[in-house]
Amino acid sequence: KRQDQDADQVFSSLLINDPDMIEAGWGLAETARRRHDLKKAEGLLNKALKEDPGFAPALISLAYIKYFKMDFEGSERLALKVIRMGRDKVDLSNYVRAYCLYAGAKGMIAHYGGLLSKMINGPAVRRNLDKAQKLQPDSPAVLFGLGSYYLLAPGIAGGNKALAEEYLKKARKVDPLLADVYVRLAQLASIKGEKKKYIFYMSKALEIDPGNELALDTISRRCKFICTGGEE
């Protein structure tokens, strides 16, 4: 929280000195997004993209917001826009995130769609995660994406709980503050009947990020972003 407050002050100061500084506007939007103030973040991002429609960091941040607002098609379009810019025009981290977001959006579209949607969009998940992995195999976003894929996919589509645990634990090691990883580990623990581990991982996720959408979605059992196991 203190880091977010410090970042807010820095970016706000930059905007006072230069109201058209796109990077500062994006930075302020990103801190708002991480605080789950999606309305403020979206407004700032739209302003930045009005100035520069090809500003990849803002497109990525907005794609995250669209995803958590369950506008999966919107998230897919924004991520694809970044991918189509080409690797030479986007920094590696954002380019990899774009592939991971695109894969995640495709997975949710398949999940909520009918048989045809599952046939078309389902295979795109692993295909795009593989592309991201080739670019940056140790990225926490990639490791989390693969772990989630192996956890949530049915066996016929490559689901594998052992591989899910392996990739999620790798993601936790690379980025111990990635709250989403602990939620998926909690779900995996629930499947295995390990209640103490479920409580530990979920508590850790909420300690890091009390407003984490995936954690709150799981605890509430709304399961908008796919729950698995027998969480209570």
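All values derive from a computational prediction rather than experimental measurement. Below, each value reflects all heavy atoms present in this structure, side chains not excepted, and no hydrogens, waters or symmetry copies.
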For Lys161, does the NZ atom sit with more than 12 other heavy atoms under 6.0 Å from it, leaving out its own atoms?
yes
Would you please classify the geometry between the Tyr112 ring and the Phe72 ring as parallel, tilted or perpendicular, with 30° and 60° separating the classes?
parallel
Between Thr218 and Gln187, does the side chain to side chain donor-acceptor pair (under 3.5 Å) criterion hold? Intermediate values first, please.
CA-CA 8 Å; Thr218 301; Gln187 292 177 347; 2.9 Å; yes
Validation row: Phe225, Met70 side chains within 4.5 angstrom (heavy atoms):
yes
Exercise: identify the closest heavy-atom pair between Ala164 and Gly147:
CB-O, 3.4 Å
Determine whether Asn212 and His36 satisfy the following criterion, side chain to side chain donor-acceptor pair (under 3.5 Å), listing intermediate values before the conclusion.
CA-CA 8 Å; Asn212 182 268; His36 309 284; 5.8 Å; no
Measure the shortest side-chain to side-chain distance between Ser190 and Lys195 over non-hydrogen atoms and say whether it is less than 4.5 angstrom.
no
For Lys66 and Glu76: C-alpha separation, side-chain torsions, deciding distance, then whether salt bridge (charged side-chain N to carboxylate O under 4.0 Å, His left out) applies.
CA-CA 9 Å; Lys66 296 287 187 185; Glu76 174 196 24; over 6 Å; no
For Tyr64, is the NZ or CZ atom of Arg33 found under 6.0 angstrom from the centre of its six-membered ring and inside 45 degrees of the ring axis?
yes
Test: Lys69 and Glu42 ion pair at under 4.0 Å
yes
Would you say Ile120 and Ile83 are hydrophobically clustered, going by side-chain heavy atoms of ILVMFWY under 4.5 Å?
no
Check whether any side-chain heavy atom of Leu185 lies under 4.5 Å from a side-chain heavy atom of Lys197, and answer yes or no.
no
Looking at Tyr167, does the NZ or CZ of Lys170 lie under 6.0 angstrom from its six-membered ring centre and within 45 degrees of the ring axis?
yes
Does any non-hydrogen side-chain atom of Phe55 lie less than 4.5 Å from one of Glu23?
yes
List for me each residue that meets side-chain contact (heavy atoms from CB on, under 4.5 Å) alongside Ala132, sequence neighbours excluded, and say none if there are none.
Val96, Tyr99, Cys100, Val142
Please verify the inter-ring angle class for Tyr182 with Tyr201; under 30° counts as parallel, over 60° as perpendicular, anything in between as tilted.
tilted
Charged N to carboxylate O under 4.0 angstrom, Arg126 versus Asp130?
yes
Check which hydrophobic residues are tied to Met119 through side-chain heavy-atom contacts below 4.5 Å, counting indirect links as well, and list them.
Leu115
Can you establish whether the number of heavy atoms outside Arg84 located under 6.0 Å from its atom CZ is more than 12?
no
Quick one: does Leu168's side chain get under 4.5 Å of Leu146's, heavy atoms only?
no
Spell out, yes or no, whether Leu188 and Ile199 are grouped together once hydrophobic residues are joined by side-chain heavy atoms under 4.5 Å, including indirect joins.
yes
Less than 4.5 Å apart, side chain to side chain, heavy atoms only: is that true for Ile226 and Met108?
yes
Hey, are Lys47 and Glu51 close enough for a salt bridge, meaning a charged N less than 4.0 Å from a carboxylate O?
no
